Amino acid sequence: QLSWSRVRSAKIGGVESIPLLEEVLGSFPQARLNIDVKAMSAVGPLVEVLARTNAYDRVCVASFSDQRRRAVLRRLPRPVASSPGMNSVSRFWAGVRAGRFGTAQRREALRDVVCLQVPRRHGRITLVDERFVSAAHALGTQVHVWTPNESDEMRELLDLGVDALITDRSDLAVRVVAQA
């Protein structure tokens, strides 16, 4: 809700300015970024930034909303990696639980995605378990889990075979992965 000029004046750690996405993509040309589209009003600007930076092969577009994610994908001239919204994740999870392994419904839930970026749990429901990871991998889809911030949970998830951890504690993740 703040203007860009106001946000731009804030300092990270009292030192660094908050960069524009275009600046991040330009400053780190080898970096791969996850971009979570939080509002429909972000769709157009994101499409424009990706066109100006030609960063299609180094972003993964995600959103809780399948509608927002698909709005971005429809407007891009080239495909990008993407992760589905929670409705598609729920359909996939339900298919796994119902034993419809490899069925058209499960494949459809993962149409146009390369990874599932999901929480380990949603409320009291455990989404990411051995069956979920195995089913995703059988369809050629990676599983990225957010937001494990404890070493034990990171180890458990890696033992399940998840492909990536999205964490606030990169310091712990580096140590856990090095020990794995």
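From a predicted model like this one, the values you see are computed outputs, not experimental measurements.
- Residue Val176 is grouped with residue Val133 when hydrophobic side chains (ILVMFWY) are merged at heavy-atom distances under 4.5 angstrom, including chains of intermediate members.
- Salt bridge status for Arg52 with Glu22: present, with a side-chain N to carboxylate O gap under 4.0 Å.
- Using a 3.5 Å distance cut-off with no hydrogens or angles, the side chains of Asp163 and His137 do pair a donor with an acceptor.
- For the atom pair OG of Ser134 and CG of Leu160, the computed distance is 9.0 Å after rounding to the nearest 0.5 Å.
- Put simply, Val24 and Trp4 are part of two different groups of oily side chains (I, L, V, M, F, W, Y) that touch within less than 4.5 Å, one to the next.
- At a cut-off of 3.5 Å, with distance as the only test, a side-chain donor of Ser5 or Ser3 sits close to an acceptor on the other residue.
- Hydrophobic clustering places Ile18 together with Leu20 (ILVMFWY residues linked when any side-chain heavy atoms are closer than 4.5 Å, directly or through intermediates).
- In this structure, the side chains of Thr147 and Leu165 stay at 4.5 Å or more apart for every pair of heavy atoms.
- To the nearest 0.5 Å, the span separating CZ on Phe132 from CZ on Arg120 amounts to 12.0 Å.
- Annotation: Arg78, atom CZ; neighbour count of heavy atoms from other residues, nucleotides and ligands within 6.0 Å is above 12.
- At most 12 heavy atoms of other shown residues, nucleotides or ligands fall within 6.0 angstrom of atom CZ in Arg32.
- At least one side-chain heavy atom of Met86 sits less than 4.5 Å from a side-chain heavy atom of Leu127.
- Proximity of Val37 to Phe64: side-chain heavy atoms (C-beta onward) are nowhere separated by under 4.5 Å.
- Nearest heavy atoms, Pro77 versus Tyr56: CG-OH, 3.4 Å.
- Remark: of the listed residues Ser83, Ser88, Ser82, Ser82 is the sole one forming a side-chain hydrogen bond (donor to acceptor under 3.5 Å, both in side chains) with Arg69.
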Would Asn87 and Asp66 satisfy side chain to side chain donor-acceptor pair (under 3.5 Å), going step by step from the backbone distance to the final call?
CA-CA 7 Å; Asn87 286 339; Asp66 286 302; 4.5 Å; no
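- Considering only heavy atoms from C-beta on, Lys11 stays 4.5 Å or farther from Glu16 through its side chain.
- Glu150 and Arg169 are not joined by a salt bridge, as no carboxylate oxygen comes within less than 4.0 angstrom of a charged side-chain nitrogen.
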